[in-house]
Amino acid sequence: MARRILVLHGPNLNLLGRREPGTYGTTTLTEINDRLQSLAAAAGASLDTMQSNSEADLVGRVQQLFDAPVDFLIINPAAFTHTSVALRDAIAAVRVPFIEVHLSNVFAREAFRHHSYFTDLAVGMICGLGPRGYELALEYALAHA
Ligand code: DQA
(Lines give C-alpha, C1' and ligand atoms only; values in the text may rest on other atoms or scores of the structure.)
Protein backbone atom coordinates (compact mmCIF):
# COMPACT_ATOMS: atom_id res chain seq x y z
CA MET A 1 0.00 0.00 0.00
CA ALA A 2 1.24 3.46 -0.88
CA ARG A 3 1.78 5.43 2.35
CA ARG A 4 3.01 8.68 0.83
CA ILE A 5 1.05 10.04 -2.08
CA LEU A 6 1.48 13.25 -4.04
CA VAL A 7 -1.32 14.75 -6.14
CA LEU A 8 -0.30 17.32 -8.76
CA HIS A 9 -2.73 19.52 -10.67
CA GLY A 10 -1.65 21.49 -13.71
CA PRO A 11 -2.67 24.86 -15.13
CA ASN A 12 -6.18 26.29 -14.85
CA LEU A 13 -7.36 23.53 -12.51
CA ASN A 14 -7.44 26.19 -9.78
CA LEU A 15 -10.49 27.47 -11.69
CA LEU A 16 -12.51 24.26 -11.28
CA GLY A 17 -16.09 25.07 -10.36
CA ARG A 18 -16.03 28.23 -12.46
CA ARG A 19 -14.19 26.99 -15.53
CA GLU A 20 -16.33 25.57 -18.39
CA PRO A 21 -18.66 23.70 -15.99
CA GLY A 22 -20.25 21.81 -18.90
CA THR A 23 -16.87 20.15 -19.50
CA TYR A 24 -15.26 20.12 -16.05
CA GLY A 25 -18.27 20.11 -13.69
CA THR A 26 -18.94 22.28 -10.66
CA THR A 27 -16.75 20.61 -8.03
CA THR A 28 -13.94 22.90 -6.89
CA LEU A 29 -10.30 21.89 -6.57
CA THR A 30 -10.51 22.42 -2.81
CA GLU A 31 -13.41 19.97 -2.64
CA ILE A 32 -11.46 17.40 -4.68
CA ASN A 33 -8.36 17.79 -2.52
CA ASP A 34 -10.34 17.64 0.74
CA ARG A 35 -12.03 14.42 -0.36
CA LEU A 36 -8.68 12.85 -1.31
CA GLN A 37 -7.16 13.98 2.00
CA SER A 38 -9.92 12.33 4.00
CA LEU A 39 -9.79 9.10 1.99
CA ALA A 40 -6.03 8.92 2.44
CA ALA A 41 -6.22 9.74 6.16
CA ALA A 42 -8.86 7.03 6.68
CA ALA A 43 -6.43 4.55 5.11
CA GLY A 44 -3.51 5.78 7.25
CA ALA A 45 -1.67 7.33 4.31
CA SER A 46 -0.30 10.83 3.94
CA LEU A 47 -1.31 12.86 0.92
CA ASP A 48 0.18 16.12 -0.31
CA THR A 49 -1.43 18.23 -3.04
CA MET A 50 -0.14 21.01 -5.25
CA GLN A 51 -1.63 23.00 -8.10
CA SER A 52 0.41 25.27 -10.31
CA ASN A 53 -0.06 27.21 -13.51
CA SER A 54 3.71 27.15 -13.98
CA GLU A 55 5.54 24.36 -15.78
CA ALA A 56 8.74 25.28 -13.94
CA ASP A 57 7.08 24.93 -10.53
CA LEU A 58 5.63 21.53 -11.41
CA VAL A 59 9.00 20.31 -12.73
CA GLY A 60 10.65 21.62 -9.55
CA ARG A 61 8.12 19.82 -7.33
CA VAL A 62 8.69 16.54 -9.19
CA GLN A 63 12.48 16.97 -8.90
CA GLN A 64 12.09 17.27 -5.11
CA LEU A 65 11.02 13.61 -5.15
CA PHE A 66 14.69 12.67 -5.54
CA ASP A 67 15.35 13.82 -1.96
CA ALA A 68 11.86 13.39 -0.50
CA PRO A 69 10.33 10.44 -2.34
CA VAL A 70 6.70 9.40 -2.36
CA ASP A 71 5.28 5.95 -3.10
CA PHE A 72 2.83 7.10 -5.72
CA LEU A 73 1.94 10.15 -7.80
CA ILE A 74 -1.49 11.09 -9.11
CA ILE A 75 -1.23 13.80 -11.75
CA ASN A 76 -3.58 15.77 -13.93
CA PRO A 77 -1.06 17.69 -16.06
CA ALA A 78 -3.99 19.59 -17.67
CA ALA A 79 -2.81 21.46 -20.79
CA PHE A 80 0.80 20.35 -20.11
CA THR A 81 -0.42 16.83 -20.94
CA HIS A 82 -0.25 17.76 -24.57
CA THR A 83 2.84 19.99 -24.55
CA SER A 84 5.34 19.29 -21.79
CA VAL A 85 8.37 17.17 -22.58
CA ALA A 86 10.01 18.83 -19.55
CA LEU A 87 7.43 17.54 -17.06
CA ARG A 88 7.50 14.10 -18.69
CA ASP A 89 11.29 13.99 -18.39
CA ALA A 90 11.16 15.02 -14.71
CA ILE A 91 8.74 12.20 -13.90
CA ALA A 92 10.83 9.72 -15.88
CA ALA A 93 13.94 10.90 -13.99
CA VAL A 94 12.49 10.29 -10.52
CA ARG A 95 10.90 7.01 -11.65
CA VAL A 96 7.81 7.44 -9.49
CA PRO A 97 4.83 5.24 -10.34
CA PHE A 98 1.84 7.36 -11.32
CA ILE A 99 -1.69 7.48 -12.65
CA GLU A 100 -2.65 10.21 -15.10
CA VAL A 101 -6.12 11.64 -14.47
CA HIS A 102 -8.29 13.86 -16.64
CA LEU A 103 -11.71 15.08 -15.61
CA SER A 104 -13.01 15.19 -19.17
CA ASN A 105 -12.86 12.47 -21.81
CA VAL A 106 -9.97 13.91 -23.78
CA PHE A 107 -10.60 11.47 -26.65
CA ALA A 108 -14.08 12.89 -27.21
CA ARG A 109 -12.61 16.37 -27.61
CA GLU A 110 -10.29 18.21 -30.02
CA ALA A 111 -7.62 16.13 -31.78
CA PHE A 112 -4.77 18.01 -30.02
CA ARG A 113 -6.02 16.54 -26.71
CA HIS A 114 -5.70 12.95 -27.97
CA HIS A 115 -1.94 12.86 -27.49
CA SER A 116 -0.37 12.75 -24.04
CA TYR A 117 3.32 12.95 -23.19
CA PHE A 118 2.59 10.93 -20.03
CA THR A 119 0.36 7.94 -20.73
CA ASP A 120 3.07 5.56 -21.97
CA LEU A 121 5.02 6.09 -18.71
CA ALA A 122 1.94 5.78 -16.47
CA VAL A 123 0.65 2.77 -14.57
CA GLY A 124 -2.70 3.77 -16.05
CA MET A 125 -4.80 6.67 -17.21
CA ILE A 126 -8.33 7.60 -16.16
CA CYS A 127 -10.35 10.13 -18.10
CA GLY A 128 -13.93 11.25 -18.43
CA LEU A 129 -15.13 10.36 -14.92
CA GLY A 130 -14.87 13.84 -13.41
CA PRO A 131 -13.58 14.09 -9.83
CA ARG A 132 -14.32 10.38 -9.32
CA GLY A 133 -11.26 9.67 -11.45
CA TYR A 134 -8.98 11.06 -8.74
CA GLU A 135 -10.69 8.91 -6.10
CA LEU A 136 -10.31 5.77 -8.21
CA ALA A 137 -6.63 6.56 -8.77
CA LEU A 138 -6.18 6.98 -5.03
CA GLU A 139 -8.05 3.74 -4.33
CA TYR A 140 -5.65 1.96 -6.68
CA ALA A 141 -2.61 3.54 -5.04
CA LEU A 142 -3.81 2.58 -1.58
CA ALA A 143 -4.67 -0.98 -2.56
CA HIS A 144 -1.96 -1.96 -5.01
CA ALA A 145 0.95 0.40 -5.23
C1 DQA B 1 -7.82 18.16 -18.62
C2 DQA B 1 -7.89 17.98 -20.14
C3 DQA B 1 -6.85 18.85 -20.84
O4 DQA B 1 -6.94 18.66 -22.25
C5 DQA B 1 -7.09 20.31 -20.52
O6 DQA B 1 -6.07 21.10 -21.10
C7 DQA B 1 -7.23 20.58 -19.07
C8 DQA B 1 -7.93 19.62 -18.22
C9 DQA B 1 -8.95 17.41 -17.88
O10 DQA B 1 -8.83 17.23 -16.68
O11 DQA B 1 -9.93 17.02 -18.51
O12 DQA B 1 -6.85 21.65 -18.59
O13 DQA B 1 -6.58 17.64 -18.16
Side-chain angles (χ1 to χ4, degrees), residues 2 4-43 45-65 68-145:
R4 297 161 304 177
I5 296 157
L6 174 64
V7 183
L8 290 180
H9 306 281
N12 298 306
L13 294 175
N14 55 314
L15 298 178
L16 285 180
R18 293 192 286 166
R19 172 193 187 197
E20 300 178 75
T23 300
Y24 297 116
T26 53
T27 307
T28 66
L29 191 62
T30 303
E31 288 167 341
I32 290 172
N33 285 339
D34 287 353
R35 174 88 181 125
L36 297 177
Q37 291 283 5
S38 67
L39 289 170
S46 74
L47 183 136
D48 189 21
T49 65
M50 177 202 180
Q51 186 277 330
S52 179
N53 297 321
S54 155
E55 187 176 22
D57 289 350
L58 290 165
V59 168
R61 182 66 187 89
V62 170
Q63 287 184 3
Q64 286 174 10
L65 298 178
V70 295
D71 301 308
F72 206 85
L73 172 67
I74 296 168
I75 182 167
N76 182 347
F80 293 147
T81 306
H82 320 296
T83 64
S84 183
V85 177
L87 190 53
R88 173 200 168 88
D89 284 352
I91 290 175
V94 298
R95 302 168 72 95
V96 63
F98 73 98
I99 292 179
E100 175 184 347
V101 173
H102 300 284
L103 295 150
S104 65
N105 178 354
V106 284
F107 299 105
R109 302 182 63 195
E110 302 96 322
F112 68 82
R113 297 186 202 276
H114 298 181
H115 175 259
S116 165
Y117 279 105
F118 299 85
T119 313
D120 64 305
L121 297 179
V123 174
M125 192 270 252
I126 300 171
C127 74
L129 304 185
R132 185 86 179 105
Y134 288 99
E135 295 174 16
L136 292 169
L138 178 58
E139 256 177 55
Y140 178 88
L142 293 171
H144 302 287

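Just so it is clear, the values below take in all heavy atoms, side chains as well, and ignore hydrogens, waters and symmetry mates. Each ligand, and each atom within it, is numbered from 1 in the order the structure gives.
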Evaluate Arg109 for polar contact with ligand 1, using N/O atom pairs at a separation under 3.5 Å. no
Judged by non-hydrogen atoms, does Arg19 sit under 4.0 Å from ligand 1? yes
Does ligand 1 have a heavy atom under 4.0 Å from the side chain of Val101, from its backbone, from both, or from neither? neither
Starting from atom 7 (C) of ligand 1, locate the nearest protein heavy atom and write down its residue, its atom name and how far away it is, to 0.1 Å. Tyr24 OH, 3.5 Å
Looking at ligand 1, does Asn76 have a heavy atom less than 4.0 Å from it? yes
Member of Leu6, Val101, Ile91, Val62 meeting the side chain to side chain contact (heavy atoms under 4.5 Å, CB included) criterion with Ile75: Ile91
Val106 versus ligand 1: do any nitrogen or oxygen atoms come within less than 3.5 Å of each other? no
Identity and distance of the protein heavy atom lying nearest atom 6 (O) of ligand 1: Arg113 NH1, 3.1 Å
How long is the gap from CG on Asn12 to CG on Asn76, to the nearest 0.5 Å? 11.0 Å
Side chain, backbone, both or neither: which applies to Thr23 and ligand 1 if a contact is any heavy-atom pair less than 4.0 Å apart? neither
Part of His102 within contact of ligand 1 (heavy atoms, under 4.0 Å): both
Nearest heavy-atom pair of Asp71 and Pro97: which atoms, and what distance? O-CG, 3.2 Å
How far is atom 11 (O) of ligand 1 from its nearest protein heavy atom, and which residue and atom name does that atom have? Ser104 OG, 2.6 Å
Could you find the nearest protein heavy atom to atom 9 (C) of ligand 1 and give me its residue, atom name and distance? Leu103 N, 3.4 Å
So how far is it from Phe107 CZ to His102 NE2, rounded to the nearest 0.5 Å? 7.5 Å
Among all protein heavy atoms, pick the one closest to atom 4 (O) of ligand 1 and tell me residue, atom and distance. His82 NE2, 2.7 Å
Rounded to the nearest 0.5 Å, what separation is found between the CG atom of Leu15 and the CD atom of Gln51? 8.0 Å
Nearest 0.5 Å, please: how far is OG1 in Thr49 from OH in Tyr134? 10.5 Å
Does any N or O in the side chain of Arg4 come within less than 3.5 Å of the main-chain N or O of Pro69, such that one atom is a donor and the other an acceptor? yes
Spacing of Ile99 atom CD1 and Leu138 atom CG [to the nearest 0.5 Å]: 9.0 Å
